[in-house]
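In what follows, every heavy atom counts, from backbone to side chain, and hydrogens, waters and symmetry copies are set aside. Order of the sequence lines fixes the chain letters, A, B, ..., with proteins taken first and strands second; residue numbering starts at 1 for each chain.
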Amino acid sequence: MSSAIAPQERLIASVARLIMEKQPTGRLHVAVGMASPVPAAACWLLKKSGVPIRISLLQRQTGGPFSEGGRELFDLAGQGRIDLFFLGGGEIDGEANINMVGTGAWPGTEVRFPGSFGSAFMYLVTPRTILFREEHSRRVLVDRVAHISAPGRSRPEVVRRGSAQALVTGRCIFRFDGDRFHLASVHPGETTQSIVENTGFAFEIPDFVPVTPDPTEAELALLRGAVCDEMLTTYPDFCQRVWGRSPAEREKTQA
Amino acid sequence: MSSAIAPQERLIASVARLIMEKQPTGRLHVAVGMASPVPAAACWLLKKSGVPIRISLLQRQTGGPFSEGGRELFDLAGQGRIDLFFLGGGEIDGEANINMVGTGAWPGTEVRFPGSFGSAFMYLVTPRTILFREEHSRRVLVDRVAHISAPGRSRPEVVRRGSAQALVTGRCIFRFDGDRFHLASVHPGETTQSIVENTGFAFEIPDFVPVTPDPTEAELALLRGAVCDEMLTTYPDFCQRVWGRSPAEREKTQA
Amino acid sequence: MTVLALDALAALVPDGALLALPPDDSLTPSALVRALIRRNVRQLRLVGVPTAGLGVDLLVGAGCVASVETSAASLGEAGTAPRFAAAVKAGTLRVIDATCPAIHTALQAAEKGVPFMPLRGVLGSDVLAHRPDWHVMANPFTVDDDPILVLPALQPDIAAFHAVCADEEGNVWVGRRRELATMAHASRFSLVTVERMVSGNLLADERMAPGVISGVYVEAVAVARRGAWPGGVLDEYPADRAHIMAYAREARTEAGFAAYLARHVLNASAQDAA
Amino acid sequence: MTVLALDALAALVPDGALLALPPDDSLTPSALVRALIRRNVRQLRLVGVPTAGLGVDLLVGAGCVASVETSAASLGEAGTAPRFAAAVKAGTLRVIDATCPAIHTALQAAEKGVPFMPLRGVLGSDVLAHRPDWHVMANPFTVDDDPILVLPALQPDIAAFHAVCADEEGNVWVGRRRELATMAHASRFSLVTVERMVSGNLLADERMAPGVISGVYVEAVAVARRGAWPGGVLDEYPADRAHIMAYAREARTEAGFAAYLARHVLNASAQDAA
């Protein structure tokens, strides 16, 4: 039997299931932005499980999938060749708008977030976006974002390939129907009530809300082995925190 | 004393003098297209004479000045970073229009020339263009081209950095004043009368028309030595024809 | 990405495809062109990026082509592309004349997934007058009268080219010939012949990566040694000028072209497949 | 092209210049940034291509900056860029928010010499609402209602970056970091620090050429060994994460930042010039 399941392991497995929900006819091409260890691990989990997924990780120590520099990801996405991307945000609201700029007057005189990165583009040109934000509080999940880095919905005349598929947080999974979020599952220890209390936007609550399932034994084994191996150099802090492993230890093991 | 001056040697020296006529403040950047041995030799002549000229030769066996592929020349020119380019044409008329497409109905049902290449772009975005066409006949130098690959003049609202500086042929040198050609010099053996007889367009004839000067002894020595060395692999047929040298001979000499 | 035999690669080009090809000096896929003629492909709509050379001339002469969009058709020092010129004269070929940077720009628009891209110059050229699909618009960033050409995105169905090598991920190395990258990125997919397969991942090698076109764009690869011949490959082998000169002479007549085809294309499957 | 000492290279950046810089993971010219602070440059208008990192944070904290155009300012895993965030809060810095592909596209427009270029997406973002210099126009290639963003060309005065090596022609090798090529092509000129000089011509080497930015664009070069530090250089050396983490903590306060400057920038001329 495995040691206790880390919350991040559950999130990773949840994201992996969401990725697999809607497969395109061809090979799935998923891009993962900077500072996104959970989405990256979810992609590696699928790849190590034998799913023919193509992963383009923007954050790598050396190497990388592109030869046109960082621009190539955006060109690929502009063509519709990236099937799925991940976005987070300092604030996310009930219409799936995301704010990566800040609060207070523009450009964030109260709290300045890092900035919009590619979100204003990627959210519209990518068929599927999984929103991921571990902190689930009324500070982050707000009724109305202070500023819209990237809109969750667009007017009908605006060319848009898709929007949010789901929002994964440290407490639950919401699905997005194009207009509103629906509570899809709550993580162990959470209840519909605790989600309502910690969420600043209104959302749909179905009659029955399941608990987010645990990763399987096979998934846990992959996460703690092959997936962690792939992540060690790129996300050393994350690997240390979740799995207690460091790049130095890996080198020792291999030596 | 040198052996007889080849007609091409006079053309090369003439083109080199035209290049040097109007120097920009910075380093002169001259690009030379495909199948242009005389312009290429003129650039090499200047470079081997110590002029700080930058040459971008599109026709090279290996290597080449660009790392974005063939597109980089056009991007550079679009920015105005190419100071001078060369164009020819199946037909050239008195307004400095050039036709590289063909005669008869579009796209050249009577005689099809190769096509416009980059001329429709380069002629407008490059500050200076030297027109070069060795054949000087009423077939080539026409009153009105059948089709305009690239116009010699543009309406005032059209963004244009320059036009033809001169037209160098096997018989003479014309200068272009933005509206009309002026006879600048005739090559040995030609007269104003012979030029008029062989030219299909009207042009200005000054009171005194000089003879195109011979290349200097120093220029001839460079042409037959260092310039030919540079051209041997790129233009073997030209080097054989003008200087009686072949790449094989060069290898023998170096061995 | 799959590794196929040359004929199987050629079979992936359907009749009527909008097929982008580089010119003779830019990793032209000559062996694939010959295989396409052997498989009797028909009604191809070719794009010469940005010009057309021997490969296009062969396909036109062999009756495989409905239209050619290009800035020029030429055999370089060997002169006119003879079957192309003959077909234009006979009126049996639809030629869509362009200018080099317009082809690069239209492909860049497709590469970025935008519907159009502007280009300076070209105004006043009859090339523009014969392109009803090109527009002239007012520069929206000035109040002055500033007309500018805008080109619609050009997305070929297939980009075909030769490369030095491919790895198991379908990454291919084309070195400095980066106009091929634009062409590959802009097209729905690429078919690539290579001198050889290599192990490992070309994109993981910092020395090789800059000259790589990612396997993302590559549908299939076939090994074709000296597959650019009579074109050259970077510093691996030079163009075979003597052969191109001989072709230019021989293909001036229908009969001469037929003899060339019989000798170098139709009976050459064994040699190309080697 | 001339080869200069690092401080002489920094002297080529005038006060008020529109200066383009890559982020920490893309051959960032850290040694040059430190030299710029030592030379007390003022009123820089920075462009983070496409995001801003430690270099921009240092310049902002040292009071060298009037404005920053960027898609984000971040130290990656180390979190917020502390002096940037503090200056935004204090209202002492003009921030011109963009989105990554908009910066690439605006530079590509300058690279091509066209006044604008379109980009999909972005409509409905408040980034657009705060960019009066960006326009939305009707796609001229459809009769449908199809609004599309068009971005004006962005031509920095100077692009500054680090490269692995330079040759005597001023050609520099950046490998796969081709967004630096776009930045260099788009800018009036480039200033480049390199790990080392090499003999010969990088563009003549078919293996190296694809990763080269031509000397056409390079005004001057200075050797700065480990010049990207604490950023990394391809496979030559990794980013110094511990240092960046320490900076992120220390620079949270003005005093901490001043101490960092004193230790690593103002007294480091000898070490950077090595």
Side-chain angles (χ1 to χ4, degrees), chain A residues 34-35 37 58-64 66-75 77-78 97 99-102 104-125 145-160 233 235-238, chain D residues 23 25-26 48-52 70-74 76-77 79-81 84-86 88-91 95-102 104-105 108 119-130 139 144-148 174 176-182 210 232 234-235 238-239 241 245:
Chain A
M34 309 293 281
L58 299 199
Q59 178 158 328
R60 292 186 69 145
Q61 284 287 85
T62 62
F66 301 123
S67 56
E68 293 284 349
R71 201 185 74 216
E72 193 170 351
L73 167 75
F74 300 109
D75 286 354
N97 295 311
N99 174 8
M100 300 168 69
V101 167
W106 187 272
T109 53
E110 204 176 279
V111 178
R112 170 71 193 192
F113 305 147
S116 300
F117 289 96
S119 64
F121 174 78
M122 296 296 283
Y123 208 12
L124 275 72
V125 300
V145 294
H147 305 290
I148 297 176
S149 285
R153 304 190 301 183
S154 297
R155 295 153 60 109
E157 71 271 21
V158 171
V159 169
R160 176 162 200 160
T233 52
Y235 291 107
D237 299 335
F238 182 84
Chain D
D25 62 348
S26 183
V49 180
T51 63
T70 190
S71 305
S74 163
E77 275 204 286
T80 305
F84 178 93
V88 173
K89 205 160 180 172
V95 179
I96 305 161
D97 274 277
T99 185
C100 301
H104 292 308
T105 300
Q108 282 183 284
L119 183 68
R120 284 291 184 197
V122 191
L123 305 185
S125 167
D126 285 340
V127 170
L128 171 59
H130 290 84
N139 174 3
D144 297 340
D145 185 8
D146 182 14
I148 186 166
V174 298
R176 78 171 77 208
R177 303 305 330 196
R178 296 202 64 81
E179 66 269 34
L180 298 183
T182 309
L234 302 175
D235 56 358
R241 286 158 179 276
M245 290 283 192

Which heavy-atom pair separates [X] from [Y] by the least distance, and what is that distance?
X	Y	value
A/Pro107	A/Arg112	O-NH1, 2.6 Å
A/Tyr235	A/Ala35	OH-N, 3.5 Å
A/Arg160	A/Tyr123	NH2-O, 3.3 Å
D/Arg177	A/Gly70	NH2-N, 4.2 Å

Any idea which of A/Ser149, A/Ala150, A/Gly78 has the most non-hydrogen atom pairs under 4.5 angstrom with chain D?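 The residue among A/Ser149, A/Ala150, A/Gly78 with the greatest pair count is A/Ser149.
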If I measure from the heavy atoms of chain D, does [X] come under 4.5 Å with its side chain, its backbone, both, or neither?
X	value
A/Leu124	side chain
A/Ser116	both
A/Glu110	backbone
A/Phe113	neither
A/Arg71	both

Could you look at [X] and say if it's the side chain, the backbone, both or neither that has a heavy atom under 4.5 Å from chain A?
X	result
D/Ala98	backbone
D/Leu180	neither
D/Thr105	neither

Heavy-atom pair count under 4.5 Å with chain A, highest-scoring of [options]:
options	answer
D/Val95, D/Thr99, D/Ile96	D/Thr99
D/Glu77, D/His130, D/Lys89	D/His130
D/Val174, D/Leu119, D/Leu128	D/Leu119

Measure the CG-CD1 distance between D/Asn139 and D/Ile148 for me, rounded to the nearest 0.5 Å.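 Rounded to the nearest 0.5 Å, the CG-CD1 separation comes out at 6.0 Å.
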CG of A/Asp237 to CE of D/Met245: how many Å apart, nearest 0.5 Å?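 Separation between the atoms: 4.0 Å.
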I want to check something: taking the side chain as every heavy atom from C-beta on, are D/Asp97 and A/Trp106 in contact at a cut-off of under 4.5 Å?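 Sidechains of A/Trp106 and D/Asp97: in contact.
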Is there a side-chain contact between A/Leu73 and A/Met122, using heavy atoms and a 4.5 Å cut-off?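 Yes; the side chains approach each other to less than 4.5 Å.
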